[in-house]
Amino acid sequence: MSSERDERFENTEELGGRLAGAGRPDPATEAFVAHRNLLFTVAYEMLGSAADAEDVLQETWLRWAGVDLAEVRDQRAYLVRITTRQALSRLRTLGRRKESYVGTWLPEPLLTAPDVAEDVELADSVSMAMLLVLETLAPTERAVFVLREVFDVEYDEIAEAVGKSPAAVRQIAHRARAHVAARRPRGNASPTETRDALDAFRRATETGDIQGLLDILAPDVVLLGDGGGIKQAVLRPIVGADKVSRLLTAGLGRVTAVSLHPAQVNAYPALIIRLDAELDTVVAVRIEDGLISGLYAVRNPEKLSHMRRETLLRR
């Protein structure tokens, strides 16, 4: 095996970048780099954590580097299968970490390119609201749902990836679809609807206009905060437009040098809050019937590293 395939990189993006200037890579490396963004998207949708998805890709690369390519009929399918198995293992470990997490655990936000929003199904699947719905699935259900509904993987291939029979996978897929359908947002808000709601929310928040907030918040709106025990955040869900609006206006009113900026996060418009010009919070939203029904505020600095540059997602 060549030395460049033996080496462990800090992340697999570095692998692609370094090999780009080193002439034509060997076939295994070339295939992995070609499918890297797809594999990251699979892992991220299964985990809701970009850091863990990167670790899964590292493990996938190490296993792929030892495969005899002459025995591989479909490189994409094989790589997805390795990634799924590694993500399932990591998902169970992540579940144990969440049990001791301080406060609410929210998915890690990603700064995404505009082209992700153009793929409506992909955009919906990586939205913060949908990732929170996926959190309510069992690990195998989540893997089956993501592979089938988002990436259109055949049942036989999914069965190999999750270690179940095709018949069992069909049953799991049916159960997972029903579970998600009962919990996903009512109607898909377009990026334009989301942007309009966020603009109204930002204006009202910046001016301390409680009535303006009440006009854009659903009566049963839920605010979730994730500080990870590192930054101050609400430890429990705040429910109701009156409570949420008063908390927001009081909280931001006490802070000086605060600014709110629009951004494309997980394929949908969101807000970035900066304190003294430094990234402090990412606020994503769930829109139903034109009103904000969910506010997801991520402050944990360990979850904000992927807000520095755009993440490429593919399916």
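- Atom NZ of K231 is surrounded by more than 12 heavy atoms from other residues, nucleotides or ligands within 6.0 Å.
- To the nearest 0.5 Å, atoms CD (Q211) and CG (L213) are separated by 9.5 Å.
- Think of V120 as one node in a network of Ile, Leu, Val, Met, Phe, Trp and Tyr side chains linked at under 4.5 Å; it has no links at all.
- Within 6.0 Å of atom OH in Y78, 12 or fewer heavy atoms from other residues, nucleotides or ligands are found, so the atom counts as exposed in its surroundings.
- Closest heavy-atom contact between F32 and L57: CZ-O, 3.6 Å.
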Residue pair R236, T104: steps toward the side chain to side chain contact (heavy atoms under 4.5 Å, CB included) verdict: CA-CA 7 Å; R236 293 177 297 276; T104 302; over 6 Å; no

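- Between the R184 side chain and the V133 main chain, no donor and acceptor come within less than 3.5 Å of each other.
- Using the six-membered ring where Trp is involved, F40 and H306 have ring planes that are parallel, under 30° apart on the 30 and 60° scheme.
- The heavy-atom pair separating L134 from E45 by the smallest distance is CD1-O, 3.8 Å.
- Of all heavy-atom pairs between T281 and A297, the closest is CG2-CB, 3.9 Å.
- Scored by the salt bridge (Lys or Arg N to Asp or Glu O under 4.0 Å) test, D196 finds no partners at all (sequence neighbours excluded).
- Closest approach of P109 to K303, counting heavy atoms only: CD-O, 3.4 Å.
- The heavy-atom pair separating T112 from A267 by the smallest distance is OG1-N, 2.8 Å.
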Residues R315, T41; criterion side chain to side chain contact (heavy atoms under 4.5 Å, CB included); working and verdict: CA-CA 7 Å; R315 69 184 182 121; T41 308; 5.6 Å; no

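- At least one donor-acceptor pair under 3.5 Å links the side chain of R85 to the backbone N or O of E160.
- For the atom pair CD1 (I172) and OG (S165), the distance works out to 8.0 Å, reported to the nearest 0.5 Å.
- Hydrophobic cluster membership is shared by L38 and V144, with clusters built from Ile, Leu, Val, Met, Phe, Trp and Tyr side chains linked at under 4.5 angstrom.
- No side-chain donor-acceptor contact under 3.5 Å links W64 to the backbone of L79.
- In this structure a side-chain-to-backbone donor-acceptor pair under 3.5 Å is missing from E193 to G290.
- Not one N or O on the side chain of D276 forms a donor-acceptor pair closer than 3.5 Å with the backbone of E278.
- With values rounded to the nearest 0.5 angstrom, R299 atom CZ is found 11.0 Å from I230 atom CD1.
- Going from atom CE of M46 over to atom OG1 of T84 covers 5.5 Å, rounded to the nearest 0.5 Å.
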Side chain to side chain contact (heavy atoms under 4.5 Å, CB included) between S245 and L217, worked out: CA-CA 8 Å; S245 62; L217 297 176; 4.2 Å; yes

Steps toward side chain to side chain contact (heavy atoms under 4.5 Å, CB included) verdict (L137, F145): CA-CA 9 Å; L137 292 170; F145 181 87; 4.2 Å; yes

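- If you chain together hydrophobic residues whose side chains sit under 4.5 Å apart, F201 and V244 fall into the same group.
- The local environment of NZ in K98 is crowded, with over 12 non-hydrogen atoms from other residues, nucleotides or ligands closer than 6.0 Å.
- Sorted by first and then second residue, the side chain to side chain donor-acceptor pair (under 3.5 Å) pairs involving residues 264-274 (not counting sequence neighbours) are Y44-N266.
- Other residues, nucleotides and ligands contribute over 12 non-hydrogen atoms within 6.0 Å of the CD atom of E206.
- Under the 4.5 Å side-chain contact rule for hydrophobic residues, L260 and I210 do not share a cluster.
- Once rounded to the nearest 0.5 Å, the distance linking CD1 of I216 with CG of L198 reads 8.5 Å.
- T83 places no side-chain N or O within donor-acceptor distance of the main-chain N or O of L39, the cut-off being under 3.5 Å.
- Of the inter-residue distances, the one linking L248 atom CG with L295 atom CG reads 6.5 Å to the nearest 0.5 angstrom.
- The hydrophobic cluster around L132 extends to L106, L111, M128, V222, L224, V239, V265, I272, L279, V282, Y296, V298, L304, M307, counting ILVMFWY residues whose side-chain heavy atoms fall within less than 4.5 Å of a member.
- Transitive grouping of hydrophobic side chains (ILVMFWY, heavy atoms separated by less than 4.5 Å) brings I238 and V285 into a common cluster.
- Between M130 and D124 the shortest heavy-atom distance is CB-O, 3.1 Å.
- In terms of hydrophobic clustering, with Ile, Leu, Val, Met, Phe, Trp and Tyr side chains grouped at heavy-atom distances under 4.5 Å, L247 and L291 are assigned to different clusters.
- With sequence neighbours excluded, the residues satisfying side-chain hydrogen bond (donor to acceptor under 3.5 Å, both in side chains) with D52 are S49, R90, R97.
- Within the structure, every pair that satisfies the side chain to side chain donor-acceptor pair (under 3.5 Å) test and touches residues 167-182, not counting sequence neighbours, is listed here: T136-H179, E141-R175, E149-R177, H179-R183.
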